[in-house]
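Take a look at the structure below.
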Amino acid sequence: MTSTKKKTIFTAAVLLILLAACVVVDLTLPGYHIVVTVIKKATVYSLVAVSMNLLNGFTGLFSLGQAGFMLLGAYAYGVLTIPVAKRASVYQYFDGGAIKFSLPEIFSGALGDTVGTVAGMLAALLVGGILAALMAYLIGLPVLRLKSDYLAIATLGFAEILRAFFQWNTLGPITNGSNLLKSYPTFSHATPYVILAGLMIAFIVLLINSTYGRAFKAIRDDEVAAEAMGINLSKHKRMAFIISSFFAGIGGGMMAMYMGTIAAAPFKSTLTYEILLIVVIGGIGSITGSILASFLYIFSSEWLLRGLDSGKFLGISAPAIFKNGFRMVVLSVVIMCIVLFFRRGLMGDKELPDLLDRRPKKRKKEAAGK
Amino acid sequence: MSDNVLKIENATMQFGGVVAVDNLNLEINQGEIVALIGPNGAGKTTAFNVVTGVYQPTNGAVWFQGEKIVENHPQGKMKKLYKGEHDGEYPHVLAPTPDKITQMGMARTFQNIRLWKSQTVFDNVLIAKHCRTHTNFLSAALRLNRKEEAEQRRHVEELLDTVGLLDVRNELATSLPYGKQRRLEIARALATEPKLLLLDEPAAGMNPQETDELTAFIGEIRDKFHLTVFLIEHHMDLVMDISDRIYVLDFGKLIAEGTPAEIQNNQRVIDAYLGVAEDA
């Protein structure tokens, strides 16, 4: 029992230190600083990666629809939060758009400016999540009968269709067609992102460790046995799919916040692959791994390896080699190395508290010694 | 009618042109241990799969505790292909999925062990409790179901104690020796709180000593949990030892039924399956 306590204290301490570090960064660095950007983006990616891990890693459903659900969340957030006064300029090709209200402004009227705006932003995020969840329910009806690769192809196709649909001109009064949505309120600091994503990831962790999470893992390990032990397969698969999509939707809304403008173009299947890459690097079935990998991936692709594209890296100046695109070459090599040396991802299926456990290798040696 | 726990009525299972189970009729009464034996490929496991909802019978019905739970008649292409009897006597279609049948109170083990590999012994049994939970996912995630969860954990510990696996509760299920994995599968089935336990070759791959232990164990749990047991087995020592009645299948057809003594002396069974002991 003491070891469980030790683990809880260890986890809480690590999380508190990280949160404190984030607050310090916010207080000392300006909002446009690269560290703040990395934290924001990595936090959003963490949330989406964890939501994907819930589906792919814990329930064993190989789905590639994440970008589609993020798109829904992002658009819902943008459409519902653009201030009424700015709608005319944003929707300039569509007569100011069809929607003539803005959630933050409605809430501001009731709750005062600051609280109201934040409440409106959160409400818009929530609406995005719910929309994604609803869509997941509908998509799930036909698609969840499929298995493994087929499910992946179907969900991937759905995401692409959704992206094309949002660019459709007829929907312009709502989605602004293929033009940008902009001028909506965002958080300029990193801490709100960290707290929001942290709370949602905490919920997912709690869910995974609850009786439903155990049922998900049973389905992943052996569907036939799970069904024979009274676990309703279609119900639980649908549940995992909807919950995962809900958080992907919210992640999409947060991504919109971080990017400042919304267009359908960034929500291509490439985005899903990036997230999938993060999940695999971190370890399929490890929440800690997904978060760690998100930060490592965003840190290296956005900051550390940037110099490779612009001629200077680690003080070495070689404009002939370090040209545009070289960053991706190096990143690919790094990823290949990770996949080669960490077959099951950085964390395998271990979580943060498991790091306190002694390594199995040592244990074997001890046993041999005895 | 109400005193039999399970009743299979004119069940036929036909795959394409192959009749795997042909017009099977059997009844199992409360508290009995009934064995289903027969040569390889006789259709024993298929009969199990029909009862537990894995397969939908081509024709016939299954009753559980006086209630009809499965019913079907030949449909589609099978209308022309159907070779069995009693065609047209079962107009309704009742086909619950295996999880529904488990929730009604029937639990099974598998011929080839199917434990959840990445889970510990304790979690394997605890997961089987999931079908008896009443909380929704929100209250489960927010830990509003503490009482139920604690109750389940306590029950799982009791179960593990009963089957003698409490000391390995934190081991991975697959790291256990074979005999213990079999026991764990039975414990997992018991966790779903069944009235009827179906064991598909529980002694497969066991040595004589383990088989003896298992024989005693099945009797014990039957008494302790007020179970009815239906089992498929090839170890005749075990079958003859614990069965109240035996059904014998050959090529999908029932060729005999009766007490162990009757079966041992039944010429058809001896010809088809038992054979003559060398030292007799």
*Nearest 0.5 Å please: distance from the CG atom of B/Leu144 over to the OG atom of A/Ser210.*
11.0 Å
_Exceeds 12 heavy-atom contacts within 6.0 angstrom, atom CZ of A/Phe203_ = yes
*Which heavy atom of B/Thr135 sits nearest a heavy atom of A/Tyr212, and at what distance?*
O-OH, 2.5 Å
*Minimum heavy-atom separation for A/Thr211 to B/Ala140, with atom names?*
CG2-CB, 4.1 Å
*Using a cut-off of under 4.5 Å for heavy-atom pairs, which of B/Ser118, B/Pro194, B/Gly53 has the most such pairs with chain A?*
B/Ser118
_Between B/Thr133 and chain A, with a heavy-atom cut-off of 4.5 Å, which part of the residue counts as in contact: side chain, backbone, both or neither?_
side chain
*Gap separating the CZ atom of B/Arg143 from the CG atom of A/Leu206, nearest 0.5 angstrom*: 4.5 Å
*To the nearest 0.5 angstrom, please state how far the CD1 atom of A/Ile231 sits from the OG1 atom of B/Thr192.*
10.5 Å
Hey, can you pull the donor-acceptor pairs under 3.5 Å for the side chains in residues 97-105 of chain B, sequence neighbours left out?
residue, atom, partner, partner atom, Å
B/Thr97, OG1, B/Asp99, OD1, 2.9
B/Thr102, OG1, A/Ala228, O, 2.6
B/Thr102, OG1, B/Pro98, O, 3.0
B/Gln103, NE2, A/Gly230, O, 3.1

_Region of B/Phe110 that comes under 4.5 Å of a non-hydrogen atom in chain A_ = side chain
*Return the minimal non-hydrogen interatomic distance between B/Lys117 and A/Asp221, and the atom names on each side.*
N-OD2, 3.5 Å
*Check each atom of B/Glu148 against the heavy atoms of chain A and say whether the ones under 4.5 Å are side chain, backbone, both or neither.*
neither
*What part of B/Ala107 gets closer than 4.5 Å to chain A, counting heavy atoms only: side chain, backbone, both or neither?*
neither
_Nearest heavy atoms of B/Arg108 and A/Met229, plus distance in Å_ = O-CE, 3.3 Å
*Distance, nearest 0.5 Å, that separates CD of A/Glu223 from CZ of B/Arg114*: 10.0 Å
*asked:* If you count heavy atoms of other groups shown closer than 6.0 angstrom to OH of A/Tyr137, is the number above 12?
replied: no
*Check each atom of A/Ile243 against the heavy atoms of chain B and say whether the ones under 4.5 Å are side chain, backbone, both or neither.*
side chain
*Interatomic spacing from NE2 in B/His130 to CG in A/Asn232 - rounded to 0.5 Å*: 9.0 Å
*OH (A/Tyr150) with more than 12 external heavy atoms under 6.0 Å*: no
_Is B/Asn145 in contact with chain A via its backbone, its side chain, both, or neither, using a 4.5 Å heavy-atom distance?_
side chain
_Once rounded to the nearest 0.5 Å, what's the spacing between atom CZ of A/Arg214 and atom CH2 of B/Trp116?_
11.0 Å
_Under a 4.5 Å cutoff for heavy-atom pairs, which residue among A/Leu207, A/Asp349, A/Asp222, A/Leu233 has the most contacts with chain B?_
A/Asp222
